[in-house]
Every structure is written in structure tokens, then in C-alpha cells.
Undergrad: 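The structure that follows is given in the form of C-alpha cells.
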Amino acid sequence: MNVTNMLRQHWAALRALLVFTVILGIGYPLLIWLLAWIPGLHHKAEGSIISIGGKPVASTLIGQLFTDAAGHPLPQYFQTRPSAAGAGYDPLSSGGSNLGPESIVDVPADPAKLAAGASPAEAGFKPSLLTLVCSRSLAVAQFEGLGKEAGSRPFCTSGVGAVLSVIGPRDPRGEVVHPSAVISVNQPCSTTDRPFLDSYHGVRVECAVFGRDYSSGRIVPIRGEAPDNPQVPADAVTASASGLDPDISVAYADIQVARVARARHVTPDQIREVIGRIRTGRPLGVLGEACVNVVRLNLELDHRYPATT
């Protein structure tokens, strides 16, 4: 390759670099910035910030925790769904728990560490997604004053997943033919005299013993007698993929009305009227479900019916 051809190719590459720098590095960002000033888009481009008295207090796109310093939910506020983003609704740690439908077996806590005063997490307890759903459902039902039965869900027992490890020889399909042992793997033995199920296929169900491996057994979740449509809705017990979702279902808002009305000393109908103002329908009339933005709802309630102590 002679010097002339080499210079020609480098000059062509330099011109291409300059052209694309102007188009993509200057022109495109400038176009997007100008589009962001179009009426109706500017508020969203600025982060959908809500200001009170000229001071930014929230974004309608990002949920918040309405809890006290100890993490307990405040009764005067509608509560958001769970969040796996950092300590909860942290925009810098957006993400989910990465636990899927097959996450049904807990990693138990070390009883010796628990007896020494360690928290379950410090003692090694790692709940499955199923147990998280079960425990959250009971907690929501208790907080809303719905009663223990209202917090029951299929495949749950006493706030943990109702799961057995069935040990024994298997047929070609993987089914245990003649169980030699059946173990309740999630239910702590210290909280009950007997597991949630007396027997399975004629074999007495036993509690799991810490340190033993029951993974060789066939893992079987037990449906139980809970209704197919629990009173506590799914979004009250599961986090969104981003961990930042500010919306809840209308069903979850409905079960919170009575509590919020009591805390703010107003009637449930007054609370429902505010929900009706905040509630949004399905996008384009067919996508998703109607929802309620909790951040906007709580701010509106503070404005119209401030809680008194």
C-alpha cells in the first residue's frame, strides 16, 4: 500500500468520524432535548417531579416506603407493594429479587445462633419466594385487620411454604413409588408440636432437622384448603421487576381503605372518593389493569385529610 492510498483512507475515516460526531454527538442529543420541551412531554422528561411549596418531594414514577424509623408501616398511609431495590425503592439499586416460581424451599436458620440472640438473617435463614409470599400475606391481613384466615393462600401454612420432601424409590417418571420418609422442609419444628400435615400417602410427616440434606427427595408443595382467590391480592405480596413501581391494584387499595379512614378520622367513602380521582384505567383501554399511584394518593390525602395525632 502506497502512502497516497493510506492518506486517502485515513482522511475518509476522519471525515466519517467528524460527520457522525456531529450527527450522533450533537444533533441527536439536541433533537431529543428540543422534543422534551414539547407541551405534555416536558413534565415527564423532567422526571415527573411532584413539588409542594416549590420544594420537590416525590416523583410519580418512583414509589416510596411509607414507614416509620423502625420500618413499621404507618397506618395513615396507603402502603406500596414490596420492593427488592436496595432497602426498598432505592433508584440506585433498581432490580428484583431474582427468585422465581421454583423457589419454594427455604434455607433454615441455625437454631444455636437463634438461641444466642441472632436474627434469622444472621443465623443463615434465607426464605424462598413462596415463604416470602406466605409471610407477607399474613402480615398484610393482620395490619389491615382482616383476620388470619384472610391472609391464607394456597401452598402456605403458618406463614411459610407448605412443602414436603418425599424420600423413596422413584418410577421412570420421577414419582416416588413407596415413600420411606416424608419431611416438612420449611415449617420450623419449634413453633408446632406436629407438622402442618399428619401423613402423606400413608407415611407420617416429620419435621426437618437442621443440618440434614433433604434434596434427594422429591419436593412436593401442598395445595391446602385456602381459596383460589385470596383476599390479599398478589401485588401486596410480590415485588415488581424494577422494585420502583409506584402503583398498586385497585383490589389492594380497597382493602386499605378502612384502616386509612380510621387513622385520618374520615369516612371510607371520603377515602374512596380520593382514590377515584387518582385511579387510572387500562392504557388504550385494553392493556394491563386499572391501578392507583400510591405516591400521588398519599400526597392528596395529606392535603385534603391530614392525619392528626
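Sequential numbering from 1 along the given sequence is applied to the chain's residues. Predicted model only: the values in this text are computed from it and were never measured.
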Undergrad: For the side chain of Arg170 and the backbone of Gly217, is there at least one donor-acceptor N/O pair under 3.5 Å apart?
TA: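 Between the backbone of Gly217 and the side chain of Arg170 there is a qualifying donor-acceptor contact (under 3.5 Å).
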Undergrad: What are the two closest heavy atoms between Pro82 and Arg136, and how far apart are they?
TA: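 Heavy-atom minimum between the residues: CB-CZ, 3.7 Å.
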Undergrad: Just how far is it from atom CD of Gln270 to atom NE2 of His265, taken to the nearest 0.5 Å?
TA: 12.5 Å
Undergrad: Do the non-hydrogen side-chain atoms of Cys134 and Leu138 ever get within less than 4.5 Å of each other?
TA: no
Undergrad: Is the shortest side-chain heavy-atom distance between Ser152 and Pro227 below 4.5 Å?
TA: yes
Undergrad: Could you report the tightest heavy-atom contact between Glu300 and Val274, atom names first, then the distance?
TA: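 Closest heavy-atom pair between Glu300 and Val274: CG-CG1, 3.6 Å.
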Undergrad: Verify side-chain hydrogen bond (donor to acceptor under 3.5 Å, both in side chains) between Ser215 and Asp213, making sure each step is shown before the conclusion.
TA: CA-CA 6 Å; Ser215 60; Asp213 184 6; 2.7 Å; yes
Undergrad: Would you find a donor on one side and an acceptor on the other, under 3.5 Å apart, between the side chain of Thr131 and the backbone of Val160?
TA: no
Undergrad: Measure from the side-chain N and O atoms of Gln76 to the backbone N and O of Asn298, and report whether any donor-acceptor pair falls under 3.5 Å.
TA: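 No; zero donor-acceptor contacts below 3.5 Å.
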Undergrad: Report the distance from atom OG of Ser137 to atom CG of Leu132, rounding to the nearest 0.5 Å.
TA: 12.5 Å
Undergrad: In terms of hydrophobic clustering (I, L, V, M, F, W, Y; side-chain heavy atoms under 4.5 Å; direct or indirect links), are Val250 and Leu301 co-clustered?
TA: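 The answer is yes; both residues are in one hydrophobic cluster.
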Undergrad: Please check if Ile222 and Val203 belong to a single hydrophobic cluster, counting links between Ile, Leu, Val, Met, Phe, Trp and Tyr side chain heavy atoms closer than 4.5 Å.
TA: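 Hydrophobic grouping puts Ile222 with Val203.
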Undergrad: With clusters defined by side-chain heavy atoms of hydrophobic residues (ILVMFWY) lying less than 4.5 Å apart, directly or transitively, does Val257 cluster with Val140?
TA: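 Same hydrophobic cluster.
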Undergrad: Rounded to the nearest 0.5 Å, how far apart are CD of Glu225 and OG1 of Thr157?
TA: 11.0 Å
Undergrad: Please evaluate residues Gln79 and Thr67 with respect to the criterion side-chain contact (heavy atoms from CB on, under 4.5 Å), reporting the C-alpha separation (whole Å), side-chain torsions for both, the decisive distance (0.1 Å), and the verdict.
TA: CA-CA 9 Å; Gln79 295 299 308; Thr67 57; 4.3 Å; yes
Undergrad: To the nearest 0.5 Å, what is the distance between CD (Gln231) and CG (Asp254)?
TA: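 Reported value, rounded in 0.5 Å steps: 11.0 Å.
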Undergrad: Distance to the ring centre below 6.0 angstrom and angle to the axis at most 45 degrees; does that hold for Arg259 and Tyr77?
TA: no
Undergrad: How long is the span from the OG atom in Ser158 to the NZ atom in Lys148, to the nearest 0.5 Å?
TA: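 These two atoms lie 5.5 Å from each other.
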Undergrad: Do you know which two heavy atoms are closest between Val220 and Tyr200, and how far apart they sit?
TA: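 Result for this residue pair: CG1-OH, 3.8 Å.
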Undergrad: Ignoring hydrogens and geometry, is there a side-chain-to-backbone donor-acceptor pair from Asp245 to Ser240 under 3.5 Å?
TA: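 Not confirmed, Asp245 side chain does not pair with Ser240 backbone.
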Undergrad: Does CZ in Phe210 sit with more than 12 non-hydrogen atoms of other residues, nucleotides or ligands closer than 6.0 Å?
TA: yes
Undergrad: What pair of heavy atoms forms the shortest contact from Thr238 to Ala234, and how long is it?
TA: OG1-O, 2.8 Å
Undergrad: For salt bridge (charged side-chain N to carboxylate O under 4.0 Å, His left out), just list the numbers for Asp228 and Arg223, CA-CA rounded to whole Å, side-chain angles, deciding distance to a tenth of an Å, and then say yes or no.
TA: CA-CA 10 Å; Asp228 291 331; Arg223 167 67 175 73; 2.3 Å; yes
Undergrad: In terms of hydrophobic clustering (I, L, V, M, F, W, Y; side-chain heavy atoms under 4.5 Å; direct or indirect links), are Tyr305 and Ile275 co-clustered?
TA: yes
Undergrad: Might you work through the salt bridge (charged side-chain N to carboxylate O under 4.0 Å, His left out) test for Arg264 and Asp302, ending with a clear yes or no?
TA: CA-CA 9 Å; Arg264 293 181 180 268; Asp302 279 346; 2.9 Å; yes
Undergrad: Tell me if the CG atom of Asn229 is crowded by more than 12 foreign heavy atoms within 6.0 Å.
TA: no
Undergrad: Just so I know, are the side chains of Val292 and Phe78 near enough to count as touching, which here means a heavy-atom distance under 4.5 Å?
TA: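 A side-chain contact is absent here, since even the closest heavy-atom pair is not under 4.5 Å.
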Undergrad: Taking Ser184 for the side chain and Pro195 for the main chain, is one N or O donor matched with an acceptor at less than 3.5 Å?
TA: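 It does not hold such a pair.
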Undergrad: Where the side chain of Ser242 meets the backbone of Ser94, is there a donor-acceptor pair that is under 3.5 Å apart?
TA: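 No, the answer is negative, given that no donor and acceptor are paired below the 3.5 Å cut-off.
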Undergrad: Does the Arg296 side chain pair with the main chain of Pro246, one donor and one acceptor, at a distance under 3.5 Å?
TA: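 It does not hold such a pair.
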Undergrad: Do Thr280 and Cys291 come close enough that some side-chain heavy atom pair is under 4.5 Å?
TA: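 Yes, side chains in contact.
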Undergrad: Should we count CZ of Arg279 as having more than 12 external heavy atoms under 6.0 Å?
TA: no
Undergrad: Does a side-chain heavy-atom distance below 4.5 Å link Arg204 with Arg194?
TA: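 SC-SC contact between Arg204 and Arg194 confirmed.
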Undergrad: Answer yes or no: is there a side-chain heavy-atom contact under 4.5 Å between Pro230 and Pro154?
TA: yes
Undergrad: If you look at every heavy atom in Val294 and Phe66, which pair is closest and at what distance?
TA: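 What the structure gives for the nearest pair is CG1-CE1, 3.9 Å.
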Undergrad: Any chance you could measure Asn186, atom CG, to Ile104, atom CD1, to the nearest 0.5 Å?
TA: 8.0 Å
Undergrad: Short question: side chain of Asp106, backbone of Pro108 - any donor-acceptor pair under 3.5 Å?
TA: no
Undergrad: Side chains of Ile248 and Gln256, heavy atoms from C-beta outward: is any pair under 4.5 Å?
TA: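 Yes, at least one pair of side-chain atoms sits under 4.5 Å.
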Undergrad: Using every non-hydrogen atom in the two residues, find where Asn293 and Ile278 come nearest and quote the distance to one decimal.
TA: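 Heavy atoms of Asn293 and Ile278 come nearest at O-CG2, 3.7 Å.
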Undergrad: Does a sphere of radius 6.0 Å around CD in Glu175 hold more than 12 heavy atoms from other residues, nucleotides or ligands, not counting ones at 6.0 Å or beyond?
TA: yes
Undergrad: Quick one: does Arg304's side chain get under 4.5 Å of Val266's, heavy atoms only?
TA: no
Undergrad: Can you hop from Ile183 to Leu164 via hydrophobic side chains spaced under 4.5 Å?
TA: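 No, Ile183 does not connect to Leu164 through the hydrophobic network.
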